[in-house]
Amino acid sequence: MKSKVETTINEQIRREEFSSRLYLSMAIWCECNGFPGAAAFLYRQSDEERMHQLKLVHYLNDRGGKAVLMSLEQPEGSYTSLLDVFQKVMHHEEYITASINDLYGVTLDEKDYTTGNFLQWYITEQIEEESTMRTILDKIRLVGNDKAGMFHIDKELDAMTAAAAPIPAV
Ligand code: FEO
């Protein structure tokens, strides 16, 4: 594997690992602030990000590279509202999408079409995640400060999480 591709995949491994920590931090805040459904949703999201990380780790090692873990910054631990949490989730997912697109660009520049093909899974995953987060964010915006509405959204997040497919082992 070309070293530029390997380095960029390792950077993506760091970003996926940070995503997992960030969502864990958000889940903790939700759990401690009366949003058990949002907490369940974000705990699961944290596990998903760990799976995204691990999939890259295995790919890199299987292709003759070596996954390297880097130090991570401390994720933000306090939020002003559920809206604040999901605005930040959305912002973070957009950042990850851009990062995957850049990584895909590197594989094209380096003519590593196998890795480019592997990354298609991430490209599709990002479309789905952005769409899910946008829908949740729209609902939170719609209820504004209405407590009953917020309670309902939290219940809905709980139901969504309970109905979600198990996270596949990689
Ligand atoms: Fe693995 Fe949601 O980015």
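Residue numbers run from 1 in the order of the sequence given. Just so it is clear, the values below take in all heavy atoms, side chains as well, and ignore hydrogens, waters and symmetry mates.
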What pairs of donor and acceptor atoms, side-chain ones from residues 158-170 against any protein atom, are under 3.5 angstrom apart with sequence neighbours left out?
| unit_1 | atom_1 | unit_2 | atom_2 | d |
| --- | --- | --- | --- | --- |
| T161 | OG1 | F41 | N | 3.4 |
| T161 | OG1 | L157 | O | 2.7 |

Test item: M1 and L60 side chains (from C-beta on) under 4.5 Å apart, heavy atoms: yes

Exam field: side chain S99 to backbone Y95, donor-acceptor pair closer than 3.5 Å: no

Can you check whether M90 reaches Q87 side chain to side chain, under 4.5 Å on heavy atoms? no

Which residues pass the side-chain contact (heavy atoms from CB on, under 4.5 Å) test with D84, not counting sequence neighbours? Y79, T80, S81, K88

Derivation of the side-chain hydrogen bond (donor to acceptor under 3.5 Å, both in side chains) call for H52 and E49: CA-CA 5 Å; H52 294 176; E49 297 302 343; 3.0 Å; yes

Taken to the nearest 0.5 Å, the spacing of I100 CD1 from L56 CG works out to 6.5 Å

What's the spacing between S19 OG and R50 CZ if we round to 0.5 Å? 13.5 Å

Would you call H92 and M133 a side-chain contact if the rule is heavy atoms closer than 4.5 Å? no

Return the CG to CE distance between D47 and M51, rounded to the nearest 0.5 Å. 9.5 Å

Crowded around Q74 CD? As in, over 12 foreign heavy atoms under 6.0 Å? no

Between V106 and D102, does a side chain to side chain contact (heavy atoms under 4.5 Å, CB included) hold up when you go through it step by step? CA-CA 6 Å; V106 170; D102 287 348; 5.7 Å; no

Using every non-hydrogen atom in the two residues, find where I153 and K139 come nearest and quote the distance to one decimal. CD1-O, 3.4 Å

Whether over 12 other heavy atoms sit under 6.0 Å from N145 CG: no

Looking at S46 and Y23, would you say the former's side chain and the latter's main chain have a donor-acceptor pair under 3.5 Å? no

CA sep, side-chain torsions, deciding dist, call: F86, M26, side chain to side chain contact (heavy atoms under 4.5 Å, CB included): CA-CA 9 Å; F86 277 90; M26 289 172 167; over 6 Å; no

Connected via hydrophobic side-chain network under 4.5 Å: L24 and L72: no

Test side chain to side chain contact (heavy atoms under 4.5 Å, CB included) on V5 and R63; report intermediate values, then the result. CA-CA 11 Å; V5 175; R63 298 271 309 152; over 6 Å; no

Point-to-point distance, once rounded to the nearest 0.5 Å, from CG of L103 to CZ of R15: 9.0 Å

List for me each residue that meets ring pair (Phe, Tyr, Trp, His ring centres under 6.0 Å) alongside Y43, sequence neighbours excluded, and say none if there are none. none

Working to the nearest 0.5 Å, report the span between CG of L83 and CD1 of I136. 12.5 Å

Determine, stepwise, if the pair Q12 / E16 fulfils side-chain hydrogen bond (donor to acceptor under 3.5 Å, both in side chains). CA-CA 6 Å; Q12 191 62 35; E16 299 291 348; 3.0 Å; yes

Any non-hydrogen side-chain atom of L137 less than 4.5 Å from a side-chain atom of R141? yes

Sequence-distant partners of T97, side chain to side chain donor-acceptor pair (under 3.5 Å), two or more places apart: Q126, E130

V89 reachable from Y122 in the ILVMFWY side-chain graph, under 4.5 Å edges: no

Before giving the answer on side chain to side chain contact (heavy atoms under 4.5 Å, CB included), spell out for E6 and D112 the whole-Å C-alpha distance, their side-chain angles and the decisive distance to 0.1 Å. CA-CA 11 Å; E6 181 172 359; D112 183 348; over 6 Å; no

ILVMFWY cluster, V85 and L142 together (side-chain gap under 4.5 Å): no

Any sub-3.5 Å donor-acceptor pair from N10's side-chain atoms to K66's backbone N or O? yes

Shared ILVMFWY cluster between L22 and M70, side chains joined below 4.5 angstrom? no

For F151, check ring pair (Phe, Tyr, Trp, His ring centres under 6.0 Å) against everything at least two apart and list the hits. none

Taking ring pair (Phe, Tyr, Trp, His ring centres under 6.0 Å) as the definition, give me every residue that meets it alongside F35, ordered by chain and number, with sequence neighbours left out. none

OG1 of T132 to CD of Q45, rounded to nearest 0.5 Å, is 8.0 Å

Are Y104 and T115 packed together at the side-chain level, in the sense that at least one heavy-atom pair is separated by less than 4.5 angstrom? no

If you count heavy atoms of other groups shown closer than 6.0 angstrom to NE2 of H152, is the number above 12? no

Salt-bridge contact E17-R21 (side-chain N to carboxylate O under 4.0 Å): no

Please report the shortest heavy-atom distance between A38 and L82, naming the atom on each side. CB-CD1, 3.7 Å

What closest approach, in Å, do G77 and S25 show between heavy atoms, and which atom pair accounts for it? CA-OG, 3.5 Å

What is the minimum heavy-atom distance between K55 and F118, and which atoms define it? O-CZ, 3.8 Å

Taking L108 as the starting point, is it possible to reach L119 by hopping between hydrophobic residues whose side chains are less than 4.5 Å apart? yes

Tell me the closest heavy-atom pair linking N61 and A67, and the distance in Å. OD1-N, 2.9 Å

Of the non-hydrogen atoms in L42 and C30, which two are nearest, and what is the gap between them? CD1-SG, 3.8 Å

